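Fair warning: this is a prediction, and the values are worked out from it, not measured in the lab. Chain identifiers are assigned alphabetically (A, B, ...) following the order of the sequence lines, protein sequences preceding nucleic acid strands; residue numbering begins at 1 within each chain.
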Amino acid sequence: MSSSSGQPQFRYTQTPSKVLHLRNLPWECTEEELVELCKPFGKIVNTKCNVGANRNQAFVEYADLNQAISMVSYYASSSEPAQVRGKTVYIQYSNRQEIVNNKSTGDVAGNVLLVTIEGVEAGDVSIDVIHLVFSAFGFVHKIATFEKAAGFQALIQFTDAETASAARNALDGRSIPRYLLPEHVASCHLRISYSAHTDLNIKFQSHRSRDYTNPYLPVNPSAIEGTLQPTVGADGKKKEPESNVLLASIENMQYAVTVDVLHTVFSAFGAVQKIAIFEKNGGMQALIQYPDVTTAAVAKEALEGHCIYDGGYCKLHLSYSRHTDLNVKAHSDKSRDYTISDAGILSVPQSSASGWPSVLQPASAVYNSSAISDGGLSAQPVWDANQQGIRPGVYNHPQVPGAYSGQTYGASAVPPYSLSGTIPSSSAGLIQASQQMPPYGIQPGARQAAAPPSAGQPPLYF
DNA sequence: AGCACA
């Protein structure tokens, strides 16, 4: 019904409030960054960030209404939009007059944690992965997982409330390391509270529940991975069926990744037919279509976990798409169809039979970061298409023990509790040291908005 | 890019 009183306010008729509503924040935005953005305009008395389905909204409450007004009016007339990590932030008055923070109300510490694993489906995170992550804090007695409206959840029973709270404090708001997750999962944040339970009643060992105190508990036959379950590898990761189309998610995207950049990178393995870029979960993803599965598999194998840019920037995570033929605009800033263009567009050499790219840079340049650090203004191109330096050795050992490489975690006694809400801090160093991808001579973002950090502007993540 | 569910 069309009520006149309870009607949501129209965009341009919002009454000022000392609470501001900020949208389009990066999902990993911290309270500090929020305060940094807002404090020039007045005293901030309260914040609430990572709000909304995508965790990309926030609220900021000023001490005084005029301070909120000054921020809104400043950015209303500013030529530079409000930004956090390069993303334009949209600011408006909240339709509420104060931030309601119910921080852990009635949340009594117990020995059982209720963990909501956000952004994943039940099949994405195995119970073994959950066990691995939480075992770092003490003996995990029992785990029960289930799906609710809130998403995929798990009850995790520890010996006592002290252990449980240690796990909660360390892991709440953080993310399960990527290497423990299927490649298509962009982010996976843990929201942890205490359960009212003290002892879980686990009936069967199954893919949904586990009792580690009772090895004699029967295995539920109906709960064993059956025909409807996705193919699961030995490491418990879901395996997508192979495809000629790769899904790339790009982590730590400090520089603009354009269609052209992706084309350069992925063409090293064969003719790229189509590319489409889109936003998902606040991050960037792209679909890259090859003519065949084999080429896609080679590209996936070679590029997975590698970074487009030196220094851990624009790290690629690849999985097989369900698509086989993309329907994209022939030429836009977010997509390209190379199959219908003029002859000669497929100028990049086909991949050799060995599968190794033929356009790679000599290894000496692998650690040459000039393309980035001098702002892309380097006089000599870092990469020359005519220079056919192939160094397979570089690619034969892209992984280093302990790196986030997907196979080594089982051996590692210490889980990477760099499990940061943003980028695993240890990850950057590993990449820099060993997991680098050759710089394909890409000039970042064609010198557009996303200029690389200059000397006076250090990268954010170090 | 569009208002918080603990």
Side-chain angles (χ1 to χ4, degrees), chain A residues 3 5-31 33-35 37-38 44-62 65 68-69 71-72 75-76 78 80-110 112-119 147-155 164-165 168-169 171-173 186-187 189-197 253 277-285 333-334 421 449:
Chain A
S3 69
S5 55
Q7 200 172 349
Q9 295 180 332
F10 291 109
R11 305 180 211 211
Y12 303 118
T13 61
Q14 279 175 314
T15 48
S17 162
K18 57 187 166 60
V19 181
L20 298 181
H21 176 218
L22 293 85
R23 329 186 287 272
N24 200 37
L25 290 156
W27 62 271
E28 64 274 65
C29 178
T30 63
E31 188 177 14
E33 289 171 304
L34 197 62
V35 169
L37 176 71
C38 301
I44 294 153
V45 297
N46 207 349
T47 64
K48 193 175 179 74
C49 54
N50 308 115
V51 162
N54 297 329
R55 311 232 149 251
N56 59 359
Q57 299 173 43
F59 295 92
V60 169
E61 181 176 339
Y62 283 101
L65 175 64
I69 292 174
M71 180 167 190
V72 169
Y75 283 112
S78 165
E80 290 292 311
Q83 288 191 332
V84 171
R85 303 193 192 198
K87 282 194 81 176
T88 295
V89 177
Y90 301 88
I91 302 165
Q92 65 188 157
Y93 298 112
S94 172
N95 53 27
R96 302 196 200 176
Q97 292 303 121
E98 59 183 22
I99 289 178
V100 181
N101 263 344
N102 7 352
K103 283 178 178 167
S104 61
T105 39
D107 187 54
V108 182
V112 178
L113 296 177
L114 172 62
V115 179
T116 305
I117 306 174
E118 300 175 333
E147 279 184 281
K148 277 273 189 75
F152 184 44
Q153 295 189 307
L155 288 163
S165 86
R168 191 191 114 122
N169 292 336
L171 297 176
D172 189 22
S187 69
H189 287 238
L190 303 172
R191 297 290 152 192
I192 306 179
S193 59
Y194 295 105
S195 164
H197 290 93
M253 212 183 75
I277 294 178
F278 54 94
E279 289 255 331
K280 185 99 180 252
N281 301 330
M284 205 189 101
Q285 300 196 341
D333 60 335
K334 295 289 175 211

How close or far is atom [atom2] of [N] from atom [atom1] of [X], stated in whole angstroms?
X       : N     : atom1 : atom2 : answer
A/Lys48 : B/dA4 : NZ    : P     : 10 Å
A/Gln83 : B/dA1 : CD    : P     : 13 Å
A/Arg55 : B/dA4 : CZ    : P     : 12 Å
A/Arg23 : B/dA4 : CZ    : P     : 13 Å
A/Asn50 : B/dA4 : CG    : P     : 15 Å
A/Ile99 : B/dA6 : CD1   : P     : 18 Å
A/Leu22 : B/dA4 : CG    : C1'   : 13 Å
A/Leu20 : B/dA4 : CG    : P     : 16 Å

Both A/Tyr90 and A/Val19 contact DNA chain B. Which one's nearest nucleotide lies toward the 5' end?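 Looking at the nearest nucleotide for each, A/Tyr90 comes out on the 5' side.
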
Nucleotide of B/dA4, B/dC3, B/dA1 approaching A/Gln92 most closely (side-chain heavy atoms):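 Looking only at side-chain atoms, A/Gln92 lies closest to B/dC3.
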
Nearest to the side chain of A/Asn24, heavy atoms from C-beta on, is which of B/dA4, B/dA1, B/dC3?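 Nearest to the side chain of A/Asn24 among the choices is B/dA1.
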
OP1 or OP2 of B/dA4 less than 4.0 angstrom from a side-chain nitrogen or oxygen of A/Arg96, does that happen here?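 Answer yes for this pair, as a side-chain N or O of A/Arg96 is under 4.0 Å from OP1 or OP2.
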
Just to confirm, is there a sub-4.0 Å distance from OP1 or OP2 of B/dA1 to any side-chain nitrogen or oxygen of A/Gln57?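 No, no such contact exists.
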
Under 3.5 Å, side chain of [X] to main-chain N/O of [Y], donor-acceptor pair present?
X        : Y        : answer
A/Gln57  : A/Gly52  : no
A/Asp172 : A/Ser193 : no
A/Arg168 : A/Ile192 : yes

Base, sugar-phosphate alone, or nothing: which one does A/Glu61 contact when heavy atoms must sit under 4.0 Å apart?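 Contact class for A/Glu61: none.
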
Using the test side chain to side chain contact (heavy atoms under 4.5 Å, CB included), find all partners of A/Asn24 that sit at least two apart in sequence or belong to another chain.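 Result, side chain to side chain contact (heavy atoms under 4.5 Å, CB included) vs A/Asn24: A/Lys87, A/Tyr90.
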
Identify, with sequence neighbours excluded, every residue that meets side chain to side chain contact (heavy atoms under 4.5 Å, CB included) alongside A/Val84.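 Checked A/Val84 against side chain to side chain contact (heavy atoms under 4.5 Å, CB included); matches are A/Leu25, A/Pro26, A/Cys29, A/Glu33, A/Leu37, A/Val89.
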
For A/Phe59 and B/dA4, are the ring centres under 5.5 Å apart with planes inclined under 30°?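 So A/Phe59 counts as stacking on the base.
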
